[in-house]
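Naming: A, B, ... by sequence-line order, numbering from 1 per chain.
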Amino acid sequence: MRPLPRSFYLRPTLTVAKDLLGKYLVRKLGRELLIGRIVEVEAYLGTRDPASHAYRGRTKRNDVMFWAGGHLYVYFTYGMHFCANVVTGPDGIGEAVLLRAVEPVEGIERMTKNRLHGNLSVAGAQRNLTSGPAKLCEAFAIGRRENGTDLMHGEIMIAAAPGPKPRIASSKRIGIRAGTEFRWRFYIRNNTWVSRKN
DNA sequence: TAGTTGATCGTCT
DNA sequence: GACGATCAACTAA
């Protein structure tokens, strides 16, 4: 499995966001391989988007958002959770796509163990494993250390996946106060692993 | 089923 | 000193 090339991420952020749906998120963890099919994302458009971490300019926290496309921006929130973004566009613009949910494809046992070690419970069904931005980070063991990871290097990457292009739906973004007028959440229609129905 | 709340801490004001 | 790109447990009806 090979990572998508840098050029994939250097395109307009909304294009990349929709194009990420159906792709594989791949994590090499020692000898184990974790794979999830991306089913839900949100776009954050840098300094022109009031909901974006980059809205008020470059800081120590959001610095990675301003790197060139194809890096991973991981942030800590609510005192306990991590969320992962794919940086998009050329160097210096501060745009990214939040990974909100994936469908587990491979390494489900490892993901379950990772979830048990974290803050969140895996209560009940397997559909709770990766159906939210903090849940998928816990399952894939993505935390502070992974902030700034280059997705070209292979440790964490996004790869092409088999199958037809998924049917895409859009909605308002979740959990934000400003910028609610934009429908920049994209997800695969009728997919069980999407974080909530809409 | 919808709505509310506690947990918990780094970052920015 | 306030609050968040969350989640799960709880309450009410």
Step-by-step side chain to side chain contact (heavy atoms under 4.5 Å, CB included) determination, A:N114 to A:L34: CA-CA 11 Å; A:N114 289 344; A:L34 303 184; 4.1 Å; yes
Which residues share a side-chain hydrogen bond (donor to acceptor under 3.5 Å, both in side chains) with A:E155, sequence neighbours left out: A:R27
Sugar-phosphate only, base, or nothing, as touched by A:A134 at under 4.0 Å among non-hydrogen atoms: sugar-phosphate
Cation over ring face, A:R144 and A:F76, 6.0 Å, 45°: yes
Pairs involving residues 136-167 of chain A, ordered by first then second residue, that meet ring pair (Phe, Tyr, Trp, His ring centres under 6.0 Å) (sequence neighbours left out): none
Whole angstrom value for the distance that separates P of C:dG4 from CG of A:L98: 16 Å
Where at least one partner belongs to residues 85-94 of chain A, residue pairs that pass side chain to side chain donor-acceptor pair (under 3.5 Å), sequence neighbours excluded: A:T13-A:T88
Grab the N/O contacts between the protein and nucleotides 10-13 of chain C below 3.5 Å, and write none if there aren't any.
none

Near-parallel close stack of A:Y44 and C:dA5 base (under 5.5 Å, under 30°): yes
Length of the CZ-C1' vector between A:F82 and C:dT6, whole Å: 13 Å
Cationic N near anionic O, under 4.0 Å, A:R110 to A:E32: yes
Base-contact (B) and sugar-phosphate-only (S) positions in nucleotides 6-13 of chain B, heavy-atom cut-off under 4.0 Å, - elsewhere: -BBBSSSS
Partner set under ring-ring contact (aromatic ring centres under 6.0 Å, His included) for A:Y78, not counting sequence neighbours: none
Distance in angstrom units between A:I142 CD1 and C:dT6 P, rounded: 16 Å
CD (A:E109) with more than 12 external heavy atoms under 6.0 Å: no
Partner set under ring-ring contact (aromatic ring centres under 6.0 Å, His included) for A:W193, not counting sequence neighbours: none
Set of residues satisfying side-chain hydrogen bond (donor to acceptor under 3.5 Å, both in side chains) with respect to A:R6, sequence neighbours excluded: A:D150
Any residue meeting ring-ring contact (aromatic ring centres under 6.0 Å, His included) with A:H71, in chain and number order, not counting sequence neighbours: A:W67
Whole-Å gap separating C1' (C:dT6) and CZ (A:R177): 15 Å
Value in whole Å for how far the P atom of C:dA5 lies from CG of A:L45: 15 Å
Between C:dC10 and B:dT8 - P atom distance, rounded Å: 15 Å
Separation of C:dA5 C1' from A:K172 NZ (nearest whole Å): 16 Å
P-based separation of C:dA5 from B:dT13 [nearest Å]: 13 Å
A:G22 to A:A161 - nearest heavy-atom pair and separation: O-CB, 3.2 Å
d(CZ, A:F186; P, C:dA5) in whole Å: 19 Å
Sugar-phosphate, base or nothing in reach of A:I176, heavy atoms under 4.0 Å: sugar-phosphate
Consecutive-pair stems (3 or more, Watson-Crick or G-U, under 3.5 Å) for DNA chain B: B:1-7 with C:6-12, B:9-12 with C:1-4
Between the protein and nucleotides 3-5 of chain B, are there any N/O to N/O pairs under 3.5 Å, and if so, what are the atom names and distances?
none

Those residues that, when tested against A:D19, pass side chain to side chain contact (heavy atoms under 4.5 Å, CB included) (two or more places apart): A:F8, A:R11, A:K23
Length of the line joining A:R196:CZ and C:dC7:P, which is rounded to integer Å: 8 Å
Under-4.0 Å side-chain N/O to phosphate OP1/OP2 contact, A:R185 with C:dA5: no
Under 3.5 Å: donor-acceptor pair, side chain of A:D63, backbone of A:R58: no
